[in-house]
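Below is one structure, written out as structure tokens; the observations come after it.
Note on naming: letters A, B, ... go to the chains in the order of the sequence lines (proteins, then strands), and numbering restarts at 1 for each one. From a predicted model like this one, the values you see are computed outputs, not experimental measurements.
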Amino acid sequence: MNVTHAASKQSSLLRLVKSEAPTTCHTAILRHFSAEPNLAPPPSTDDSSVITEVVSLLQNNDNDWNNNDKLRQLLFPSNNSPHSLYAVSLPKITRRLGTTTKALKFFEYIQANSPSPPEPPSLSPTFEAMYELACREQPNPLSKLSELLYKSKDHNIPLTINSATLLVRCFGQAGMIDKSLLVYKELDPVLQNTHIRNVLLDVLLRSGRVDDALQMLDEMLKPDAEFPPNENSIDIVFTALLKRDQSGRSVSEEEIVGLVSKFGEHDLFPSVVCLTQLITKLCRRGKSNGAWELLHDVINLGGGVEAASCNALLTGLGRERDFQRMNTLLKEMKEKDIHPNVITFGILINHLCKFHRVDEALEVFEKMSGGGESDGFSVEPDVILYNTLIDGLSKVGRQEEGLGLMEQMRSKHHCAPNTVTYNCLIDGFCKAGEIERSHELFNQMNREGVPPNVITLNTLVGGMCRHGRINSAMEFFNDMQRKGLKGNAVTYTALINAFCNSNNINKAMELFDEMMKAGCSPDAIVYYTLISGLSLAGRLDDASFVASKMKEAGFCLDIVSYNVLIGGFCRKNKFDKACEMLKEMEQAGVNPDAVTYNTLISYFSNSGNFTTAHRVMRQMIDNGLMPTVVTYGALIHAYCLVDNLDEAMKIFRDMSTTSRVPPNTVIYNILIDTLCKNKNVEVALSLMDDMKHKGVRPNTTTYNAMFKGLQGKNWLEKALKLMDQMTEQACNPDYITMEILTEWLSAVGETEKLKNLVQGYEVLASKA
DNA sequence: GTAGGGTTAG
């Protein structure tokens with residue numbers, strides 16, 4: 001609407017100008033209006049005073065310019081001599097008028113009053129001034145700009161490069177991309193310089209017009225291009241390609257790598273920051289090949305590469321566990337004299353630690369700051385590097401050494417341990433079950449003024465929970481809360497999990513409520529934990545309730561949660577409920593996995609419905625899932641329960657021959673237990689041999705089943721042999737073992753024989 | 001650079 005309105009106004013103006021246009025041209029005026037600053041004489045001190053006077057007259061006599069002789073005199077000097085002031089002045093005056101409305105009115109005034117009409121190109125700078133005014137005008141600069149553009153076209157006034165750039169940018173920012181493109185295309189080709197192309201590139205890329213952008217870029221990148229790209233072009237292009245919310249089509253890594261090479265041929269390279277970000281982005285998208293190529297292109301084309309970019313690639317390669325290429329890159333850094341920094345070493349040490357190669361990590365650590373040895377430069381470790389190592393040590397149970405490193409960082413590098421340092425050590429001691437040491441460290445950090453954070457809290461709470469000290473954990477948590485350290489979802493997960501595991505479901509539910517009341521919003525893991533805990537405890541109604549709450553909160557149940565619920569319903573013999581879950585799963589697009597099938601196979605076979613169990617197994621295979629050792633275990637167990645040992649043994653044999661799923665200890669235990677109960681101890685013993693043969697380790701359950709069977713037959717010799725074997729294999733007897741053997745051996749007066757077993761156990765217990 | 005959970009056969 002604005003445009004139409006503007007157009008009608010414009011055409012009337014056009015008529016006006018044309019009707020009053022004299023037929024001859026006054027060279028003096030022409031010169032006044034000239035766009036070429038070089039043709040205009042340098043501004044004298046007079047200029048500004050005249051301009052000020054003109055502007056003042058224009059501003060103060062808003063409605064009566066036509067009757068203002070003074071104004072006319074200043075603008076159009078009667079003596080007809082070339083007035084140097086004028087040419088440069090018109091844009092200046094226009095700028096100072098402040099609004100486009102006034103400026104346009106002034107423009108009309110000039111058109112009407114000029115003794116001779118200006119050549120259209122000479123008005124270009126004045127329009128430039130008006131565009132500048134327009135784009136500052138609110139609320140709608142765009143309609144003003146469009147109106148001006150329309151007017152300038154009507155008058156055949158060409159755009160200056162500045163006007164065009166401004167228009168391209170403003171239209172682009174408003175999302176009027178086609179209008180931006182049009183302005184550019186209609187611009188005199190000699191003016192289509194690198195700068196405006198950069199602005200257009202930015203506009204196109206930001207709006208997702210990737211192909212248009214690449215097309216223009218392609219033209220710029222031609223070897224003989226008149227306006228080749230510059231440093232800004234490369235930054236604009238790659239910053240845009242890095243944008244996360246990039247609309248339009250995505251640019252493949254091949255294209256990105258290709259662009260870098262082409263820029264490289266113009267001796268242009270992305271900045272260190274840009275290159276590093278590109279590499280990071282590619283690596284995160286799983287395109288480390290592209291990242292590798294990118295970095296190497298820049299190196300080979302002679303662009304400068306710094307450690308940061310290499311670090312980005314090293315991180316990506318590390319994520320993919322591509323140690324070989326990590327090593328190659330490190331070698332190349334050395335060859336190209338790219339000095340590794342503390343982060344480079346941090347990446348290396350971190351990866352070594354994550355793969356439990358702590359000794360190698362320590363070696364690298366020693367070398368990096370060892371001076372001379374590492375090619376004349378040495379890198380001082382910082383707190384992060386120390387923390388990485390301390391964590392690595394703590395994770396493999398070498399927390400005492402970690403403690404030593406903390407002392408070293410203080411004394412050798414005057415590097416103060418921080419919260420993370422303490423957290424890593426506290427975690428190490430917690431994992432080792434040394435909760436007291438962890439507490440000591442916690443007190444120490446408080447004394448030193450190192451503030452504990454929620455991770456400190458969670459590490460201690462989790463450690464106590466894992467070691468069965470739930471009450472201490474609760475106490476500690478409450479204590480911390482009083483001191484102002486609030487827990488988060490992780491804290492509650494640890495506690496809820498611990499209460500579920502210790503059969504205190506009500507307390508777990510209570511904590512969940514407490515968490516909500518404390519304003520701590522539960523995440524998916526808290527829900528999963530609770531659903532699992534409730535299902536396993538047989539509280540399926542509660543579990544379903546939590547699941548519905550979870551869905552209300554916008555989370556989805558995953559396959560494991562569905563399996564937990566289905567398993568729970570099956571155990572409760574609520575098959576219809578299990579089916580409901582299966583249906584829901586399907587609707588949610590969650591595919592059943594091997595565990596789902598195993599759960600159902602177990603349910604059917606345990607209820608004696610072997611036909612259906614086998615049918616489900618068939619379906620499992622048809623759906624591309626291979627039966628697992630658990631599948632066979634479920635069937636074998638169920639056949640054993642109904643004393644169909646033949647069928648159980650048939651499946652067992654079938655496992656190693658046709659199915660190639662090697663039986664494990666559990667499978668042997670089921671069979672050995674059943675055989676012993678059926679007084680078939682010989683076959684059970686032969687299965688023991690079979691285990692030895694196949695390298696399957698018997699465990700306490702295996703021995704217990706055997707002892708029970710042997711006791712029934714009173715085969716003492718065999719039992720004593722197995723007792724020795726148990727000690728040899730460092731297999732712990734449990735209370736069932738002791739019960740069977742104590743009863744049996746005391747009855748036959750052989751209690752002495754129990755000694756070895758008990759002693760062996762004590763050795764093991766002390767080691768643990 | 002540091003913290004949390006869960007499924008199926010004995």
- Query: Got a sec? Which of residues 566-596 of chain A come in under 4.0 Å of DNA chain B, heavy atoms?
  - Reply: A/R571, A/V595
- Note on the structure: Per atom distances to the A/K395 side chain, the nearest of B/dA3, B/dA9, B/dT7 is B/dA3
- Give the rounded distance in Å between these two atoms: OH of A/Y632 and P of B/dA9. 17 Å
- Task: May I ask you to decide if A/E407's main-chain N or O and A/S411's side chain share a donor-acceptor pair within less than 3.5 Å?
- Result: yes
- For DNA chain B, which residues in residues 408-437 of chain A have a heavy atom at a distance below 4.0 Å? A/N418, A/V420, A/N423, A/C424
- Message: For a quick check, tell me whether the side chain of A/N664 and the base of B/dA9 share a donor-acceptor pair closer than 3.5 Å.
- Response: yes
- Checking A/D479 side chain against A/E475 main chain: does a donor-acceptor pair fall under 3.5 Å? no
- Which class fits the ring pair A/F476 and A/H439: parallel under 30°, tilted 30 to 60°, perpendicular over 60°? perpendicular
- Please tell me which of the listed nucleotides, B/dA9, B/dA3, B/dT7, lies nearest to the side chain of A/V630? B/dA9
- Per A/D391 side chain, nearest of listed nucleotides B/dT7, B/dT2, B/dA9: B/dT2
- Say whether, by atom type as modelled, one donor and one acceptor occur between the side chain of A/S535 and the main chain of A/G568 under 3.5 angstrom. no
- Query: With a 6.0 Å cut-off on ring centres, are A/F652 and A/Y632 close enough?
  - Reply: no
- Item | A/M688 CE to B/dG10 C1', straight-line distance once rounded to whole Å | 15 Å
- Query: Hey, are the side chains of A/K431 and A/Q399 touching, using non-hydrogen atoms and a 4.5 Å cut-off?
  - Reply: no
- Query: Within the modelled atom types, does a donor on one side and an acceptor on the other bring the side chain of A/D523 and the base of B/dG4 under 3.5 Å apart?
  - Reply: yes
- Query: In whole angstrom, what separates A/N563's CG from B/dT8's P?
  - Reply: 9 Å
- Can you tell me how far P of B/dT2 sits from CG of A/L457, to the nearest Å? 18 Å
- Item | Proximal nucleotide (of B/dT8, B/dA9, B/dG6) relative to the A/I667 side chain | B/dA9
- Under 3.5 Å, side chain of A/S438 to main-chain N/O of A/C430, donor-acceptor pair present? yes
- Message: If I take atom CG in residue A/L530 and atom C1' in nucleotide B/dT7, what distance separates them, rounded to the nearest angstrom?
- Response: 16 Å
- Would the A/F555 and A/Y527 ring centres measure less than 6.0 Å apart? yes
- Integer-rounded Å distance: B/dG10 C1' and A/I736 CD1: 11 Å
- Item | Closest nucleotide among B/dA9, B/dT8, B/dG6 to the A/I670 side chain | B/dA9
- Message: Just checking A/R410: does its CZ atom have more than 12 heavy atoms from other residues, nucleotides or ligands closer to it than 6.0 angstrom?
- Response: yes
- Check every atom of B/dT2, B/dT7, B/dA9 against the side chain of A/I455 and return the nucleotide holding the closest atom. B/dT2
- Spacing between A/Y597 atom OH and B/dA9 atom C1', to the nearest angstrom: 18 Å
- Message: If you take any heavy atom closer than 4.0 Å to DNA chain B, which residues from residues 476-503 of chain A end up in contact?
- Response: A/N488, A/A489, A/V490, A/T493, A/N497
- Message: More than 12 heavy atoms of other residues, nucleotides or ligands under 6.0 Å from NZ of A/K692: yes or no?
- Response: no
- Query: How about A/Y492 and A/F499: are their ring centroids closer than 6.0 Å?
  - Reply: no
- Any donor and acceptor pair, going by atom type alone, linking the side chain of A/N446 with main-chain N or O of A/F442 inside 3.5 Å? yes
- Message: Are A/F604 and A/H614 an aromatic pair, judged by ring center distance below 6.0 Å?
- Response: no
- Message: Rounded to whole Å, please give me the gap between CE in A/M620 and C1' in B/dT7.
- Response: 13 Å
- So which nucleotide from B/dG10, B/dT8, B/dG6 ends up closest to the side chain of A/T701? B/dG10
- Task: With the side chain of A/V666 defined as its heavy atoms from C-beta on, choose the nearest nucleotide among B/dG6, B/dA9, B/dG4.
- Result: B/dA9
